[in-house]
Structure formats: C-alpha cells, structure tokens
J.: 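Below is the structure I would like to discuss, written out as structure tokens.
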Amino acid sequence: MKVQCLKGFRDYLPGEMLQKERMLASVREVFEQHGYPPLMTPALEYAEVLTGKYGDEGEMLLYRFRDNGDRDVALRYDLTVPLARVLAEHGNIGMPFRRYQIAPVWRAEKPARGRFREFMQCDVDLIGVDSAAADAEMLVIGAAVMQRFGIENYKLRINHRGVLSALCRKVGLEGSAEGDFLRILDKLDKIGEEKFRQEVSGIPGLDASGLDSVLAVVLDASSDPREVLSHIEKNLGSDDLATSAIQRMTEILDIVEAAGIGKYCQIDPAIARGLSYYTGLVYETFLDDLPQVGSVMSGGRYDDLVGMFSGKELPAIGISLGIDRLFYALSEMGLIETSSQPAEVLVVLFSEESAPASFSAASGLRHEGINTMVYPKAAKVKKQLQFAQKSGIPYVVVIGDEELKKGTVQFRDMDAGSQDEISLSDAVTRIKTGQTS
RNA sequence: GUGGGUGUAGCUCAGUCGGUUAGAGCGCCAGUUUGUGGUAUUGGAGGUCGAGGGUUCGAGCCCCUCCUCCCACCCCA
C-alpha cells in the first residue's frame, strides 16, 4: 500500500495549521463584528438536495455515492445550497436571517495551483432582503476581511446578471442559450477580441450583428466604476433588465464609496460566474499580485434558490471566501510564517526530581494567560535551550536545585540572550510587558 | 477530463556512454567531561533512485503502463 493522501486533498501540518486557524479566527471575528452568528450543517446531504443547482459542469463535480443504507448522498459542493435547504426545512426562522458558516466543501475537480478537491469556504449570507444595502453589505464584509489580513492589492470585480442578460439579448440569445456565450465572454480579457469573436461565432442562434455593441460595453470598460456604468447605460439603456441593474449598482456604489472601500471595487460587465443560481449582483475577487490562483472571494444574489426547495420566494445574497486559496496565495507571497509555535515560554525540566516544581511554575504562567510548554524529560540544559531556540520559543524558565531552594527562577530572553534570577511573578510581568531586563 | 513537462536522502539538487558498494550541501541525531542556545569541530543515522512491468550479461539512466506534482486548456474558492 502506498501511503499518501488523496489527490487534491492535503494535510495541514501544525506549523501551517496554526496560521490557518489564526486566519479563521480573524474571519469569524469580522463576521461577528457585522452581526452574523454561525451555522453548521452536515457534510453529507441527500444527493437530490444538491442536484440541479450548479449547472451541468458543477453537477459532474459532485462527490456522490450510495451510503450503507443505500441512500443516494453527496458531499456538499458549497455552503449556499445547504443553507437554502435549512431555510426551507426550518419554517419558523425569522427574517431577515443572517448567518456565517465556515466549513469544508468538496469538488471533484482536477487539482491545480490554488485549487483543491477539499477546501474550506467562509460564507456570509443575508436572507429575506432584496436591497442595495444588503448587496453592499456583502462587499463591505468582504473588504473588511481583506483589510484584516493586511491585503491591499486586490479588486472586487462586480457585475449584475441583468447586464449579462441584456448583453445576451443584444446577440439574440435568451434563457438557456446564454450559458455558452457568457462562458466565452467571461474569459474575454484573457483571449482577446479576435479569439472571442471566433469562438462565439460557433454558438447556434447567435446574431453576430449585436456583437459590436457587446464589445463596446465590455472592452471600453475603463477603471472608474461610474464611467463603466454610464457606458453600459449608453449601450444597453433601452433594455429594462439593464436599466434596473444599472440603477441597483449605482446605489451600491454610493454605499461602498461611503464605506471607504470604493477603491477596491470595479464594475466589470464580463464577470459571469458559473454557478447557475445567481440572479442579480455577482462578484469575484482577484489578488493583483497573484491572479493565477483565481478568485479568492466571490458570490452574488440568488433570489430563486430557496424557492426551489420551499416553493416560497425568498431573496438572498451571500459572499464566500476561499480561505485555503487565500492561505496558499499568502504563503506564495511569503506573508505567512509557517514555523510558528504557540508556546511563549519553555520551562526547562532540570531533573526528574524538579519536575513537580517545573509543572507548578508552568501552571502559574498559564493562569496568567501565557502559553507555556514544559520540556517533556530531564535533559541537559543545553539541549533544552537548543530546542527553545529552534522552536522559536522566546522565553525560557529554568528551575534548578538552587532556584528551588531560593524560590526563584532563571528567566532567559532568547532573542536578547539575557538572563536574570527573579521571582516567577516578575517573569510574568516581563513577558506581558515585553521588557527583557 | 485533454495536451506538455516532472519525480534521486527530511529539503535543494549532482550522478558522465547503460558498468563495481548511489553522492554533496543544508537539515536531523549524538559527542567535544558533568547548570545555558545561535558559532566552531568530530562522529552517526537516513535512499525499494515515484510504483509496477519490459529490454540487457548488467538499468537511477533505455521502453511501456500507472501514480504524483508543475504548466496550459476547462472551470472555480
């Protein structure tokens, strides 16, 4: 048997996991700052809950199988559809409903850079409200997370399904025929106008005479969002879907600019989003320094999804942060310290006889909220100091026979190389204040 | 999933034309005399050469299949 973990899956060793957990804690904090409580749902759902929600390509990526009771089940593909199921199943949930959920999802895609088959999503959703304020709040929360991570160079690329539908109408496509066209449109900036025209010409029913105005909207999109909007209006203003989309995006821009995150927001009429359940605003987030890893945060409005379960229309919007992808990107950019160590203090185990004293001192430190490790066996002080140094533990406490008699400790600052014989409580003070002598 | 590349010690990599017992640096472990890290020095452990098959007197090296990872397409967090 070959010992390895599944393709597309990965282990997070302690050095990485410590950092990932810290990122997750920050995300949770930001979500709760905005008034969202957590939700948890099972990893496994009845397959029929998930099928028909993600489009044909998405559906092929489901991890789907029969359980031991011969039930047709599947691992969740995202956190949004399970949320819709919860809303339909628990009828008395008050509206508006807010929740965040941080949990792994599974997609049987071919793994690539920044793409895994198991990855964690951090979702925030606001249900029961269809308003520009609700839409804008998602962007505000997303930007708050990025700010929390110290990420400045990124762009929230925003679009609206109404604009996309209007663009499709321009070329004579409607409803289910939109998919192929939008897929090619989405990669326009990558393949260029010429290849775009070429690929798009293969779509049955396409009215090529409208292509010029489509390209006029998308290609001339300058970076100023207001200009992009007026540009869209100029070209698609006669379309009612486009008009209300422009109206909504204008209101959203007013809010996000007031919230101070306008500089991160772009209107990009080419952003399509593959998931089929989006109905209004859609957005994706790319890091300027590492666009190859793909979108690190995206989402949109899905006003029809809950209705697919309950039959009752319920407007909804959400945003999803890909923490693994973000972690990967930050690692690639060298912004994550992987050799970290939770202990701030190592208490040396001087001898087997002094073990009780060491543990007692360690307890005292921990009571003060200081992460403390006791060396697990009696060994040479040299070796224990070496260990502290290699592990990145900044302080060492030594309690030997002398100190035991006097009721003191040797307190060593590893970085400064200084050492003093002081009381344990003085050591606590020094650690807390960060002073070395 | 399709196409291209890749794989030798924990890590980064040498390894000649197919020829004896596969190497280096870093890291790791243990010493350098018994209460103190980073430097120095000595010694040591560690490899089914990604896996399986084939060609050959002989394969890390050539051929086939599979797997991994990387790049592009596709799609996305």
J.: Return the value, rounded to whole Å, for the distance between atom NZ of A/K110 and atom P of B/rA72.
T.: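 Rounded to whole Å, this separation is 13 Å.
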
J.: Can a donor-acceptor pair under 3.5 Å be found between the side-chain atoms of A/Q384 and the base atoms of B/rU36?
T.: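 A donor-acceptor contact between them is absent.
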
J.: To the nearest Å, how far apart are A/E59 CD and B/rG1 C1'?
T.: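 Going from A/E59 (CD) to B/rG1 (C1'), I get 17 Å.
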
J.: Remember a base hit wins even if backbone is also touched, and classify A/F387 as base, sugar-phosphate or nothing at under 4.0 Å, heavy atoms.
T.: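 A/F387: no heavy atom of the nucleic acid under 4.0 Å.
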
J.: B/rA77 phosphate, OP1 or OP2: any side-chain N/O from A/S320 under 4.0 angstrom?
T.: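 For A/S320, the contact criterion (side-chain N or O under 4.0 Å from OP1 or OP2 of B/rA77) is not met.
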
J.: Could you tell me whether A/M120 contacts a base, only the sugar-phosphate backbone, or nothing, with contacts defined as non-hydrogen atoms closer than 4.0 Å?
T.: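 Nothing: the residue A/M120, judged by heavy atoms under 4.0 Å, touches no strand.
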
J.: Using purine N1 to pyrimidine N3 plus N6-O4 or O6-N4 for Watson-Crick, or N1-O2 and O6-N3 for G-U wobble, each under 3.5 Å, what pairs with B/rG60?
T.: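 Per the H-bond distance test, none.
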
J.: Under 4.0 Å from OP1 or OP2 of B/rU68: is there any side-chain N or O of A/K7 that close?
T.: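 So the side chain of A/K7 is within the cut-off, an N or O lying under 4.0 Å from OP1 or OP2 of B/rU68.
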
J.: Could you tell me the separation between the CD atom of A/Q386 and the C1' atom of B/rC28, rounded to a whole number of Å?
T.: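 So the two atoms are 12 Å apart, to the nearest Å.
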
J.: Looking for any heavy atom pair under 4.0 Å, which part of the strands does A/E403 touch: base, sugar-phosphate only, or nothing?
T.: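 If one applies the 4.0 Å heavy-atom cut-off, A/E403 turns out to touch a base.
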
J.: State whether A/Y278 and A/R161 meet the cation-pi test: NZ (Lys) or CZ (Arg) under 6.0 Å from the six-membered ring centroid, and within 45° of the perpendicular axis.
T.: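 Pair A/R161/A/Y278 does not count as cation-pi.
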
J.: If you count every heavy atom of other residues, nucleotides or ligands that lies below 6.0 Å from A/H90 atom NE2, does the total exceed 12?
T.: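 Buried by this count: over 12 neighbours within 6.0 Å.
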
J.: Within the structure shown, what part of the strands sits under 4.0 Å from A/R113 by heavy-atom distance: base, sugar-phosphate, or nothing?
T.: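 A/R113: backbone/sugar contact only, no base atoms under 4.0 Å.
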
J.: When you measure from the centre of the six-membered ring of A/Y77, is the NZ or CZ of A/R107 under 6.0 Å away and within 45° of the axis?
T.: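 Yes, cation above the ring, under 6.0 Å and within 45°.
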
J.: Can you check whether A/K380 has a side-chain N or O nearer than 4.0 Å to OP1 or OP2 of B/rU32?
T.: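 Answer yes for this pair, as a side-chain N or O of A/K380 is under 4.0 Å from OP1 or OP2.
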
J.: Between A/K390 and B/rC29, does any side-chain N or O lie under 4.0 Å from OP1 or OP2?
T.: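 Checking A/K390 against B/rC29: at least one side-chain N or O falls below 4.0 Å of OP1 or OP2.
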
J.: B/rG35 C1' sits how many Å from A/E421 CD, rounded?
T.: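 Going from A/E421 (CD) to B/rG35 (C1'), I get 12 Å.
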
J.: Please determine, for the side chain of A/R107, which listed nucleotide (B/rG1, B/rC76, B/rA30) has the closest atom?
T.: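 The answer is B/rC76, which lies nearest to the side chain.
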
J.: I need the OH-P distance between A/Y54 and B/rC76, as an integer number of Å.
T.: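 Checked: the OH to P distance equals 13 Å.
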
J.: Nearest-Å distance, CZ (A/F411) to P (B/rG35)?
T.: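 Value for this atom pair: 23 Å.
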
J.: Between B/rC74 atom P and A/E199 atom CD, what is the distance in whole Å?
T.: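 So the CD-P distance, A/E199 to B/rC74, works out to 7 Å.
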
J.: For the side chain of A/K190, starting at C-beta, report the closest nucleotide among B/rC73, B/rU36, B/rC76.
T.: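 Nearest to the side chain of A/K190 among the choices is B/rC73.
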
J.: Strictly by Watson-Crick or wobble contacts shorter than 3.5 Å, is anything paired with B/rA40, and which nucleotide is it?
T.: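 In the structure as shown, B/rA40 has B/rU32 as its Watson-Crick or wobble partner.
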
J.: Check whether any side-chain N or O of A/K383 sits under 4.0 Å from OP1 or OP2 of B/rA30, and answer yes or no.
T.: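 Yes.
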
J.: Heavy-atom nearest nucleotide on RNA chain B for A/I323 versus A/K187: which residue maps closer to 5'?
T.: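 Checking each residue's closest nucleotide, the 5'-ward one belongs to A/K187.
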
J.: Could you check how far NZ of A/K382 sits from C1' of B/rU41, rounded to whole Å?
T.: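 Distance, rounded to whole Å: 11 Å.
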
J.: Between A/F350 and A/D415, which is nearer to the 5' end of RNA chain B once each is assigned its nearest nucleotide?
T.: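 On the 5' side of the pair lies A/F350.
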
J.: Would you mind pulling out the nucleotide paired to B/rA24, Watson-Crick or G-U wobble, both distances under 3.5 Å?
T.: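 When the pairing criteria are applied, B/rU12 turns out to be the nucleotide that pairs with B/rA24.
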
J.: Any side-chain heavy atom of A/R430 within less than 4.5 Å of one from A/I422?
T.: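 Contact flag for A/R430/A/I422 side chains = yes.
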
J.: Check for me whether A/R10 meets the cation-pi criterion with A/Y12, that is, NZ or CZ under 6.0 Å from the six-membered ring centre and within 45 degrees of the ring axis.
T.: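 Ring-cation test returns yes.
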
J.: Mind checking A/E402 for me? I need base, sugar-phosphate or nothing, with any heavy atom below 4.0 Å counting as a touch.
T.: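 Answer is base: heavy atoms of A/E402 come under 4.0 Å of a base.
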
J.: For A/Y154 and A/Y264, I'd like to know if the aromatic rings sit close, meaning centre-to-centre distance below 6.0 Å.
T.: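 Yes, the ring of A/Y154 comes within the 6.0 Å limit of the ring of A/Y264, centre to centre.
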
J.: For B/rG60 versus B/rU21, give the span between their C1' atoms, rounded off to a whole number of Å.
T.: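 These two C1' atoms come out 15 Å apart once rounded.
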
J.: For a quick check of understanding: with a heavy-atom distance under 4.0 Å over all strands, which category does A/E109 fall into, base, sugar-phosphate or nothing?
T.: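 Base contact - A/E109 has a heavy atom under 4.0 Å of at least one base atom.
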
J.: Under a 4.0 Å threshold between the charged nitrogen and the carboxylate oxygen, would A/E16 count as salt-bridged to A/K20?
T.: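 The answer is no: the pair does not qualify as a salt bridge.
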
J.: Base, sugar-phosphate, or nothing: which does A/V398 touch, judged by heavy atoms less than 4.0 Å apart?
T.: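 Base contact - A/V398 has a heavy atom under 4.0 Å of at least one base atom.
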
J.: In terms of side-chain heavy atoms of A/R117, which of B/rA77, B/rC74, B/rG1 is nearest?
T.: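 Selected nucleotide (nearest to the side chain): B/rG1.
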
